[in-house]
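Here the structure comes first, spelled out in structure tokens, and everything after it is commentary.
Because the structure is predicted, anything quoted here is derived from the model rather than measured. Chain identifiers are assigned alphabetically (A, B, ...) following the order of the sequence lines, protein sequences preceding nucleic acid strands; residue numbering begins at 1 within each chain.
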Amino acid sequence: MTLDPTLLDDLQWRGLIAHSTDLDALREAFTSGSVRFYVGFDPTAPSLHMGNLLQILTARRLQQAGHTPYALVGGATGMIGDPRDSGERSLNSLDTVKDWVERVRRQIEPFLEFEGPNAATMVNNYDWTASLSVIDFLRDIGKHFPVNRMLARETVKRRLESGISYTEFSYVLLQSMDFLNLYRDHGVTLQFGGSDQWGNITGGVELIRRSDGGTAHAFATPLVTKADGTKYGKTEGGALWLDPQMMSPYAFYQFWLNVEDEKVGELLRAFTFFSRAEIEELEATHAEKPFLRAGQKALAEHVTTLVHGAEETERIKAASAALFGGGDLSGLSPDTLGAALREAGATTVDGSDGLPSVVDLLVETGLAKSKGEARRTIGEGGAYLNNNRVEDPEASPSAADLIGGSWLVLRRGKKNFAGVEVR
RNA sequence: GGCAGGUUGCCCGAGCGGCCAAUGGGAGCGGACUGUAAAUCCGUCGGCUUUGCCUUCGAAGGUUCGAAUCCUUCACCUGCCA
């Protein structure tokens, strides 16, 4: 495996380094041999999300540049939970955590190469933590953590008012211990992660120095935010999950396609493997003709392919083209339409004793959360049946509305489609 | 430990016996404009078998024809004094 000497410059150009330890030292490490590095993922949910994806892709970049990944799943740290601003976490059971560990592991694996000279390794911090005695932990690890310094950490400081348990307060020791273990047993000398993990990451660097007198490197990727600075998916839609069960690939693709103009360049750099020249070209096109949304299209296609595969992405693109194409849905063949609607989300309904009302269908398809909301949507002029606005809150579709004899296209607002297959 | 104040819908925050499902702002949702963008403007924003009914104003009781609003107890939070 040959090393790519431009790696660090590329990472910086892509905006992936928000914080770091000595960059010159890191540069030297990157050019003098295959660096063993690690990045950790805590199983706090059944699926990873957009923020984790950035770490996975960054790990892949490093591996492609000749370095050796250790992907860590936090079977132990997931039992504890790292402190976050929104308050104390509720603990998950061992069974839940174990299940999530497996899911997370399977989500990471396709992105890394587990064969070859710089093959990736999967590790689980539960393996070296579960049997650790409290006495050993307190003597060997705890002794290196001055409480006054721990209290000064931003995440902890913000929690002192609202309260923080000893459990979460101790989290940094566990993550630091991970780095120390990987350093000792596998020669891992670099950790990176999201900028919200920076305190935990430097904790490990420091522990390696205090405990073993060793030198380790670290950097943190920036927090990905919307143009106005708020977090993605912080409110309504929830997180951007990688698991197709938790977020349909269609919805995933639509998310990237709808990214704000201001963010396109940044996201192309961080989330795609397009070359610098390719991205600069896309940015130029985008700056000149933003209405073409060439950047969004390239971004959505690329990232969806990475996560859900080329085949699925093609289906989604076809579905999007069909649904957003023009207006006359009856011109589409039932096959095309059915396929498109299945991508966007389809519900099957029994039509043997008449069709349900539009209100019921809006609720059934999940386009509206309640009948009240469905009625309101119609009142606001936001409900469409086969691309025709529904005016009457009591309206029901008739047999004549069925496209190809079995499909209804329901829409809420400009871009929320749902199919209804009548049987 | 003493004194004072607070706990309201997704969030912030009014209300202080009936006109309160509860002012206002933010988020969200819809419409207009556009490019399935941003900004802006407008509307909407607990549920239902929807001229009405049901469940909400920290928790539990109570007073009253009637309470988010008054009383009692409990829980938590915030100031001031020790």
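B:G13 and B:U7 have their C1' atoms separated by 13 Å, given to the nearest Å. The same atom, C1', is picked in B:A59 and in B:C48; the two are 27 Å apart, to the nearest Å. Rounded to whole Å, the P atom of B:A27 lies 23 Å from the corresponding atom of B:A22. Rounded to whole Å, the P atom of B:A21 lies 29 Å from the corresponding atom of B:G28. Here the separation of B:C41 from B:C54, taken at their C1' atoms, is 37 Å to the nearest Å. As rounded to the nearest Å, B:C53 and B:C20 have P atoms that lie 15 Å from one another. Comparing the same atom, C1', in B:U8 and in B:C76 gives a spacing of 16 Å after rounding to whole Å. When the C1' atom is compared between B:A32 and B:A39, the two are found 14 Å apart, to the nearest whole Å.
Across all strands shown, A:Gly372 has heavy atoms under 4.0 Å from base atoms, whether or not it also approaches the sugar-phosphate. Residue contacts for A:Lys371: at a heavy-atom cut-off of 4.0 Å it reaches the sugar-phosphate backbone alone, with no base atom in range.
A salt bridge is absent between A:Glu380 and A:Arg389; no separation between the charged side-chain nitrogens and carboxylate oxygens falls under 4.0 Å.
Contact between the side-chain N/O atoms of A:Lys297 and the OP1/OP2 oxygens of B:A37 is not found at any separation under 4.0 Å. Dashed line: the shortest gap from a side-chain N or O of A:Asn416 to OP1 or OP2 of B:U36 is not under 4.0 Å.
In this structure, A:Phe324 has its ring center closer than 6.0 angstrom to the ring center of A:Phe417. In summary, the aromatic rings of A:Phe271 and A:Trp256 are positioned with their centroids under 6.0 Å apart.
One N or O donor and one acceptor, one from the side chain of A:Gln254 and one from the base of B:U36, sit under 3.5 Å apart. Taking only distance into account, the side chain of A:Glu380 never meets the base of B:G31 through a donor-acceptor pair shorter than 3.5 Å.
Closest approach to the A:Ser370 side chain among B:G30, B:G35, B:G47 is made by B:G47 (side chain taken as heavy atoms from C-beta onward). Minimum atom distance to the side chain of A:Arg389 is reached by B:A32, of the listed B:A37, B:C48, B:A32. Each of B:A37, B:G30, B:G35 was ranked by its minimum atom distance to the side chain of A:Gln296; first place goes to B:G35. Between B:G31, B:U36, B:U49, one nucleotide has an atom nearer to the side chain of A:Tyr384 than all others, and that is B:G31.
Both A:Gly381 and A:Glu373 lie near RNA chain B, and the one whose nearest nucleotide falls closer to the 5' end is A:Gly381. Mapping A:Val363 and A:Arg376 onto RNA chain B by nearest heavy atom places A:Arg376 at the nucleotide closer to the 5' end.
Side-chain contact between A:Tyr126 and A:Val97 is absent, with no heavy atoms from C-beta onward closer than 4.5 Å.
Note on ring orientation: taking the six-membered ring where Trp is involved, the planes of A:Phe273 and A:His302 are tilted (angle from 30° to 60°).
Put simply, CZ on A:Phe291 is 12 Å from P on B:U36, counting in whole angstrom units.
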